Every structure is written in structure tokens, then in C-alpha cells.
Amino acid sequence: MLQQVTFGIPFTISVSSILAKTTMVFIAFKATRPGSSCRKWVGVKPPNTVMLFCSSIQVMNCILWLSISPPFQEYDMDSYPGKIIIQCNEGSVIGFYFMLGYMGFLAAVSFVLAFMVRTLPDSFNEAKYITFSMLVFCSVWIAMIPAYLSTRGKYMVAVEIFAILTSSAGILLCMFSPKLYILLFKPQLNTQKTMLGKRML
């Protein structure tokens with residue numbers, strides 16, 4: 001009953017955190033312009049508000065989904081002659097696809113915002129990593145939907161697990177591998193002077 005919700009809510013919190021980070025990068029760049037009104041938004045409050053607001057929408061959707069038409073176990077006796085496949089019926093198809101679609105929407109907004117500020121100075125180049133990570137995330141889940149709909153039983157679960165692991169690994173690698181490279185192999189570049197310089201590895 002909680003299989004999809006257990007995956008949906010933590011993933012939404014993760015994508016909401018990335019969206020909050022992207023929003024902060026965007027505001028920080030706008031605030032550097034003379035006379036910008038964005039300076040009053042620089043701080044901890046805007047990203048926390050974005051993350052809590054975006055996550056709460058998904059939580060409310062999942063609560064409504066579970067209270068109105070929750071997932072349940074069903075027996076598929078038609079797909080394969082002579083075999084009974086025990087599988088998860090999502091219950092409310094609207095609730096299930098709203099959960100996936102909302103995560104995709106948050107990822108798309110993060111991608112668009114990061115893409116808009118991808119050419120920022122090197123001190124703001126976090127946007128490039130967010131752009132690539134959201135591109136990987138969206139690509140994996142767009143490719144996963146037709147594969148998920150065309151499979152049954154344990155293969156359906158395997159497709160979903162593969163999409164979860166691949167998109168998670170894509171986000172982690174795209175966002176943190178450049179930082180790990182500097183920390184492990186180029187520690188001399190891990191200085192304030194280098195970070196604020198004209199060129200950054």
C-alpha cells in the first residue's frame with residue numbers, strides 16, 4: 001500500500017531541495033546587479049520556503065490518494081496462460097500519475113532555471129551541474145514510463161527500481177563529482193581565491 005508513496009515523497013523532497021538551491025543561485029546572481037530588488041530575498045528563508053511548499057503539495061496528494069483509492073495487491077491471471085502474477089495495482093491512476101508528473105514538473109522547473117543561468121561567472125557555476133543533473137533525471141523518467149507500462153509483475157518493479165537508482169546516481173554524480181575531484185585530486189584549487197577567480201576547473 002505504501003510502496004509508491006515511500007518512493008514519491010522522499011524523491012519530491014530531494015528534487016524540491018535542488019529547486020530551492022537553483023532558485024537561490026538565480027536570486028544570488030540577480031542580486032549582484034546594481035539597484036536590484038532581489039537583494040532582500042538573499043538568505044535562508046526563500047530556499048526553505050520553496051522546499052517546504054513544494055514538498056507539502058506532494059504530501060497532500062499522497063494523503064488524498066491513500067484515503068480515497070489506495071494501492072492494493074491484485075492477481076493477474078490473463079497476461080500469461082497458466083501463471084498467476086501478483087502485482088501492485090496503483091488504485092487511483094490519477095493519484096499515481098500526479099505524483100510522477102509533479103516530480104517531473106519540479107525537475108523541469110529546476111532545469112529551466114539552471115539553464116537560464118548556466119553562463120554565469122565561475123563563482124556561480126553550480127548552475128551548470130544542476131542543469132546536467134536535471135537533464136539526466138528527466139531523461140531517465142521519460143524513458144521509464146513506456147517501459148513501466150509495458151511490463152508486468154516483478155519486471156515492473158525492476159524497471160521502477162532501475163529508474164530510481166539511475167536518476168539518483170545521475171543527480172549525485174553530476175552535482176558532486178566535480179567537487180570530489182577537486183577535494184581528492186586537486187586540493188590546491190580548494191581556496192577562496194581560486195573559487196572567485198576568472199577560471200575554475
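Being a predicted model, the structure only gives us computed values, none of them experimental.
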> Same hydrophobic cluster for L173 and I171, using side-chain heavy-atom links shorter than 4.5 Å among ILVMFWY?
Replying inline: no
> For the hydrophobic clusters of this structure (ILVMFWY residues joined by side-chain heavy atoms under 4.5 Å, transitively), does one cluster hold both I164 and I142?
Replying inline: no
> Is Y102 reaching over with its side chain to a backbone N or O of C54, donor-acceptor style, under 3.5 angstrom?
Replying inline: yes
>> So which atom in V15 and which in M103 form the shortest heavy-atom distance, rounded to 0.1 Å?
In response: CG1-O, 4.2 Å
>> I'd like to know if V140 and Y155 are part of one continuous hydrophobic network [Ile/Leu/Val/Met/Phe/Trp/Tyr, side-chain heavy atoms within less than 4.5 Å].
In response: no
>> With rounding to the nearest 0.5 angstrom, report the CG to CD1 distance, L106 to I13.
In response: 11.5 Å
>> Is any side-chain heavy atom of F105 closer than 4.5 Å to one of V109?
In response: yes
>> Test your reading of the model: is there a side-chain donor-acceptor pair from W141 to the backbone of L100, 3.5 Å cut-off?
In response: no
>> Measuring from atom CD1 of I86 to atom CD of E74, what distance do you get when rounded to the nearest 0.5 angstrom?
In response: 11.0 Å
> What pair of heavy atoms forms the shortest contact from C62 to I9, and how long is it?
Replying inline: SG-CG1, 3.9 Å
> For the atom pair CD1 (I161) and OG1 (T166), what is the distance rounded to the nearest 0.5 Å?
Replying inline: 11.0 Å
>> I'd like to know if the side chain of S67 and the backbone of L64 have a donor-acceptor N/O pair within less than 3.5 Å.
In response: yes
> What is the minimum heavy-atom distance between M24 and P47, and which atoms define it?
Replying inline: SD-CD, 3.6 Å
> Does CG in L180 sit with more than 12 non-hydrogen atoms of other residues, nucleotides or ligands closer than 6.0 Å?
Replying inline: yes
>> Starting from F98, can I reach I63 by hopping between I/L/V/M/F/W/Y residues whose side chains sit under 4.5 Å apart?
In response: yes
>> I need the T6 OG1 to Q4 CD distance, nearest 0.5 Å.
In response: 9.0 Å
>> Donor-acceptor pair, distance only, cut-off 3.5 Å: does the side chain of S56 make one with the backbone of F53?
In response: yes
> Taking atom CD1 of I130 and atom CG of L113, what is their separation to the nearest 0.5 Å?
Replying inline: 9.5 Å
> Transitively linked via ILVMFWY side-chain contacts under 4.5 Å: F96 with V157?
Replying inline: no
>> For C174 versus Y129, what's the shortest heavy-atom pair and its separation?
In response: O-CB, 3.4 Å
> Crowded around I94 CD1? As in, over 12 foreign heavy atoms under 6.0 Å?
Replying inline: no
> Which pair of non-hydrogen atoms, one from V159 and one from A147, has the smallest distance, and what is that distance?
Replying inline: CG1-CB, 4.1 Å
> Which is it for F111 and T131 under the side-chain contact (heavy atoms from CB on, under 4.5 Å) test, yes or no, and what are the steps along the way?
Replying inline: CA-CA 5 Å; F111 173 75; T131 303; 3.6 Å; yes
> What's the spacing between S167 OG and F162 CZ if we round to 0.5 Å?
Replying inline: 9.5 Å
> Counting only heavy atoms not in F7, do more than 12 sit closer than 6.0 Å to its CZ atom?
Replying inline: yes
>> So which atom in P71 and which in W65 form the shortest heavy-atom distance, rounded to 0.1 Å?
In response: CG-CZ2, 3.8 Å
